[in-house]
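Reading through the structure tokens given below for one structure.
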Number of protein chains: 2
Amino acid sequence: MPLEIPEVVIERLPVYARALAALQARGLDVVSSQELGDQLGVTPAQIRKDLSYFGRFGKQGRGYNVNRLMEELHQILGLDRTWSMVLIGVGQLGRAILQYGGFGPQGFHVIEAFDASAETVGEMIGPLTVRDVSELGAVLRHRHVDIGIVSVPGENAQRVIDTLVAGGIRAILNYAPIAPQVPSGVHVRQIDPVLSLQSMTYYLKGNTASAAK
Amino acid sequence: MPLEIPEVVIERLPVYARALAALQARGLDVVSSQELGDQLGVTPAQIRKDLSYFGRFGKQGRGYNVNRLMEELHQILGLDRTWSMVLIGVGQLGRAILQYGGFGPQGFHVIEAFDASAETVGEMIGPLTVRDVSELGAVLRHRHVDIGIVSVPGENAQRVIDTLVAGGIRAILNYAPIAPQVPSGVHVRQIDPVLSLQSMTYYLKGNTASAAK
DNA sequence: TTCTGTGAACGGATTCACAGCA
DNA sequence: TGCTGTGAATCCGTTCACAGAA
């Protein structure tokens, strides 16, 4: 399982892991690439090929053991541990993210929150006291942080991202509506519902009642 | 500009449009594919090729007129009008979406909100009174709705999506952590920060300090 | 027989490279 | 000279199809 696994493959693995968790919850213990594919709208060949980058997890004639495959995927993806995150930008959006209950159960924890506004700095949100964004660099030096979440206005996002990168952060979840510049080796995922809407309207205009994806 | 423009191309157009808006705000009136590409981390050739699907908007030796190109893109994408949306699922996440100020300025308006819980139904949120989700089908029949936003728990998401589709909705922004099944011709965009995080951790584990995207 | 793992074939998107216009 | 528009070449991910293990 050497170098050069396509990034698209990596992005599909968590989808598989989630589907397996659902099967596990239903008590299933074997699943074929066909069944998994039907559920996810992916071809069986793609699932088999994707998994084959990492090993031979299936049994010919039977399929994949659900528990086993789940464990393997968790290990591959690093989901068998917890990850610490900082959030920058405690506005409406940032608060919603902090309040969101979906990260914790998956092992993702926000351990510090930052904002630039004097009103917000010092405020307590859940267990966190909002710190001034000017302290971000220093905090990154002193605490172990894996991931940065950026929820500041677009105008400030690149600056914040530069600080994260300078502080050694190599994974960023960016909610700001910009295409950030980062050095290679730093991974960014963009959460941008407006862009999503704006690309769907193309099809609504009737340009093509084309296939869904 | 006939059939079969790749979907990836369509997804990049809003990115270009946004970058052009920024240039416009700065008073620039001409931009080359090179400059635009630098800003967005896209190759100039790709920008030219993408745009060439729709027409010849540039001037050789000069570049693209910012205003002109913006207008063209808006027309192509249907951003020169407003779009009406319904939201289903007025929990924490749904409230955050309703509160979010980023949709309106881009012409996207939530005109009805629905929930299943008796406590929430009837509540007023901004200008909207939350309706019972059982009325969703009827509302889709009586009001013009372009897009559905789904922010219900995963267990209920497929059912809600089926109702939207049955009601003629062809574009869905789905925040629920499932891979929905929709007939071809219905477009879905997934907003799923947990999946985004779970794919980045692969690289953090050191599998490859590979290039960022 | 069933379903995996995988090399080979395919298809489609990206990049190249250059002709042509301003 | 500078930069677009675009066929051709390339690259890369997906699908095919089948050998082989249970």
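Only a predicted model underlies this, so the values are computations on that prediction, with no experimental measurement involved.
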(message) Taking 4.0 Å as the cut-off, does a side-chain nitrogen or oxygen of A:Y64 come that near to OP1 or OP2 on D:dA22?
(response)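 Answer no for this pair, as no side-chain N or O of A:Y64 is under 4.0 Å from OP1 or OP2.
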
B:Q158 versus B:D162, side-chain donor and acceptor atoms under 3.5 Å =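 Short answer, yes.
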
Can you see whether A:D38 engages A:Q34 through a side-chain donor-acceptor pair at a distance of less than 3.5 angstrom?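 Indeed, the side chains of A:D38 and A:Q34 share at least one donor-acceptor pair under 3.5 Å.
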
Query raised in the report: Only one of B:N174, B:L164, B:I161 forms a side-chain contact (heavy atoms from CB on, under 4.5 Å) with B:V182, so which one is it?
Result: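 Result for side-chain contact (heavy atoms from CB on, under 4.5 Å) with B:V182: B:I161.
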
**Study point:** Nearest-Å distance for atom pair CZ/P, residues A:F57 and C:dT6
**Key:**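 Going from A:F57 (CZ) to C:dT6 (P), I get 11 Å.
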
Could you state the atom-to-atom distance from CZ of B:R56 to P of D:dC3 in whole Å?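 Distance check: B:R56 CZ to D:dC3 P gives 19 Å.
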
**Study point:** Check ion pair A:E7-A:R189 (N to O, under 4.0 angstrom)
**Key:**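 A salt bridge links A:E7 with A:R189.
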
Scoring nucleotides 12-22 of chain C by protein non-hydrogen atoms under 4.0 Å (B base, S sugar-phosphate only, - none) yields -SSB-B--BBS

Please tell me if the side chains of [X] and [Y] come closer than 4.5 Å, counting only heavy atoms from C-beta onward.
{"X": "B:P14", "Y": "A:Y202", "value": "no"}
{"X": "B:V42", "Y": "B:V15", "value": "no"}
{"X": "A:V9", "Y": "A:F54", "value": "yes"}

Do any of residues 16-40 of chain B sit with a heavy atom less than 4.0 Å from DNA chain C, and if so which?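 Of all residues in residues 16-40 of chain B, none places a heavy atom under 4.0 Å from DNA chain C.
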
Heavy atoms of other groups near A:R81 CZ, more than 12 under 6.0 Å
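Yes - once you tally the heavy atoms of other residues, nucleotides and ligands closer than 6.0 Å, there are more than 12.
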
